[in-house]
Amino acid sequence: MAAEAELSALLTESRRFPPPADFARDSNAQPEIYERAHLDRLKFWSEQASRLKWDEPWDQVLDWQAPFARWFVGGKLNASVNCVDRHVEAGNGERIAYHWIGEPEGETRDISYAQLKDMVCQAANALTELGVAKGDRVAIYMPMIPETVVAMLACARIGAPHTVVFAGFSADALRNRIIDCDARLVITADGGFRRGTATALKPAVDNAVAGLDGVRNVLVVRRTGQPVDWDDARDRWWHDVVAGQSTEHTAPAHDSEHPLYVMYTSGTTAKPKGILHTTGGYLTHVSATHRLVFDIKPESDVFWTAADIGWVTGHSYIVYGPLANGTTSVLYEGTPDAGGRDRWWRIVEEKQVSILYTAPTTIRTFMKWGEQFPGAHDLSSLRLLGSVGEPINPEAWIWYRKHIGGDRCPVVDTWWQTETGGIMITPLPGITATKPGSAMTAFPGISVDVLDNGGKPVDNGGGGVLVVTEPWPGMLRGIWGDDERYRQTYWSRFDELYFAGDGAKRDVDGDIWLLGRVDDVMNVSGHRISTTEVESALVSHPSVAEAAVVGATDAITGQGIVAFVTVKGDAALDSKAGEQLIADLREHVAEQIGKIARPRQILLTPELPKTRSGKIMRRLLRDVAEHRELGDVTTLADPTVVNMIDEMMATTTHPEE
Ligand code: WTA
């Protein structure tokens, strides 16, 4: 059979991969779990919560005053104790919490649970000495090093909500987040390593906090040793303040609903939303999903979420979920090709990784590089593979299973969001017969549906938008400082149903396939970026009159950012000046938001296609960007505009193509 025919035979919607016999027999989740959770959802979740260490029991599982939820009401616990002390007390202090692998070859650190506990206690004492009190916010802007986890857990320990800002964001983006949550301390590093060179972080923090009186200190980890500017009144070295502290720290018990962290994510407006997560419900959700979806056996597994701690995937499945379950994780600082395109596979082989969790973008990149890189290594330690962050195309799913999973490891495609806190729709590896490209069914105790525009559940075979129909423990408790926006964004489309912003379909068997965002949010390499945010960055440039941004399908990154820009004044730019402006604009967006938001392509056009009422027709621009036949143009004020742009597009190539 020709390769293509073979592939299409593999990819029919009903192609199923049954759970391997050993999973069916031994996995943490057995089939009755769905029925049990269905019969009594709240009982199911309280059983999951009972696996944690509570200082005081809850007296009510759920208090639901739509759209505001409180879980395990009245209960008290400490997230940091649950993540570290508890395992040491249980006699597992010698177990490795993290195999940390630096980007420079050969730089590794193994950190046991006992060591992690000492580090967290020292950091908690240091934060207290710096005057950080329960309820104060702490911003964290760090590379992927153990101190990042330590900083988060120290905050959780004393009850100071952290807000981790991905180190790829710019000084401006960091500043906006610091202001929005009114952080009093920023924890950072001099820099980090990226593709073999030391990159700087401290200068961005200096710019971000300039003139902000609310930020009383900046605590700096020395990672690269590069020179940094220093403000004696404000800046403190981590090794000066933390290292000398006592390794004892009595952790206070926090209310189950005490804020644990705020994570900013892009919405449909220019201003990112501070998604608030609290303690008891969140920890219950992430530990239960981690244990059951990944079938975690803490005594033997080596778990690797290859994501950045600066995103929710890192929070839930590098830090809180795995640590709550006493798991050994890999924490890798660098990019997949640092030190060679087989770097990951060397790590898997050396550390005997048994479970790998990553994003489709990365899988597609590995596909492009070729199977010889994983093929050169012994990957037989792997037993389970996960995918997250964007829809996974069936070809990538099959490649992942075959070339990484040796045709033996189940693949779990997990759908969730910053807002949901943890995994919501997923196969369970010992139960579900998986289909390449489908996230399959709701996790036990989670209720989702696919609705048509009128709010009616679609039949099997139908498509619509995804909703969550019952509150869940890891759900966001709100948007920091903006209850109205919380209601508007998630709860106004359908009455008392959570609107996720994703399109979905149910196949003939009722299984769920996620189809991408239905709003103005793009998904670029698994990163959520708002079209509006990029547009407002562009129009803040002095030369720009108007900008329209669309996410165009991209074979590797899922979507790529394409911007259509009109310039101020009527001076026609010659091609050299045009090229220079495009380069300036890409840099400008990187400065305003971060490198991840830099447009793949910018087209300077004399006009943008608009309706008679002056609304920019992004739908048509998306057709243009994807080189598709133009859709309906009859509502345009001037249909010639879009034809002209279409022609311009056809004659240019974008720089990364
Ligand atoms: C998308 C990342 C399809 C989706 C955990 C969602 C997915 C957004 C999947 C959340 C998946 C995430 N299949 N789409 N398995 N997982 N998404 O907040 O559009 O960074 O709304 O959380 O990513 O992105 P976020």
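Every number for a ligand or one of its atoms is a count from 1 in the order of the listing. Sequence positions, counted from 1, serve as the residue numbers for this chain.
Within ligand 1, counting atoms from 1 as listed, the ones closer than 4.0 Å to a heavy atom of Asn523 are 1 (C), 23 (O). Heavy-atom proximity to Thr313, at under 4.0 Å, picks out these atoms of ligand 1: 5 (C). Set against the non-hydrogen atoms of Asp413, the atoms of ligand 1 under 4.0 Å away are 11 (C), 15 (N). Below 4.0 Å from some heavy atom of Leu514 lie the following atoms of ligand 1, by number and element: 3 (C), 13 (N).
Using a 4.0 Å cut-off between heavy atoms, Asp502 contacts ligand 1 through its side chain alone, with no backbone atom that close. When non-hydrogen atoms are compared, ligand 1 lies under 4.0 Å from the side chain of Arg528 (C-beta onward) but not from its backbone. Heavy atoms of Val312 found under 4.0 angstrom from ligand 1 belong exclusively to the side chain.
In this structure the side chain of Thr426 never reaches within 4.5 angstrom of the side chain of Met440, judged on heavy atoms. Side-chain contact between Trp100 and Val330 is absent, with no heavy atoms from C-beta onward closer than 4.5 Å.
When each of Glu533, Glu419, Glu390 is checked for a salt bridge (Lys or Arg N to Asp or Glu O under 4.0 Å) with Arg528, only Glu419 meets the rule. For the ring-ring contact (aromatic ring centres under 6.0 Å, His included) test with Phe294, the passing option among Trp304, Phe23, Phe303 is Phe303; the others fail. Considering Gln592, Glu591, Arg177 as possible partners of Asp172, the one that fulfils the side chain to side chain contact (heavy atoms under 4.5 Å, CB included) test is Gln592.
Residue contacts with ligand 1: Thr265 is placed with no nitrogen or oxygen under 3.5 Å of a nitrogen or oxygen of the ligand (distance criterion only).
With no hydrogens or angles considered, a side-chain donor-acceptor pair links Tyr357 and Thr414 at under 3.5 Å.
Ligand 1 has at least one atom lying under 4.0 Å from a heavy atom of Trp416. At least one heavy atom of Gly389 sits closer than 4.0 Å to an atom of ligand 1.
Between Trp399 and His403, the angle of the ring planes lies from 30° to 60°, which puts this pair in the tilted group. Phe68 and Tyr486 have tilted rings, their planes meeting at an angle from 30° to 60° on a 0 to 90° scale.
Of the protein's non-hydrogen atoms, the one nearest atom 18 (O) of ligand 1 is Thr418 OG1, 2.5 Å. The protein non-hydrogen atom at the shortest distance from atom 3 (C) of ligand 1 is Pro391 N, 3.1 Å. Protein heavy atom nearest atom 13 (N) of ligand 1, with residue, atom name and distance: Glu390 O, 3.3 Å.
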Test ring-ring contact (aromatic ring centres under 6.0 Å, His included) applied to Tyr498 and Trp491, step by step: CA-CA 5 Å; Tyr498 172 84; Trp491 303 93; 5.7 Å; yes
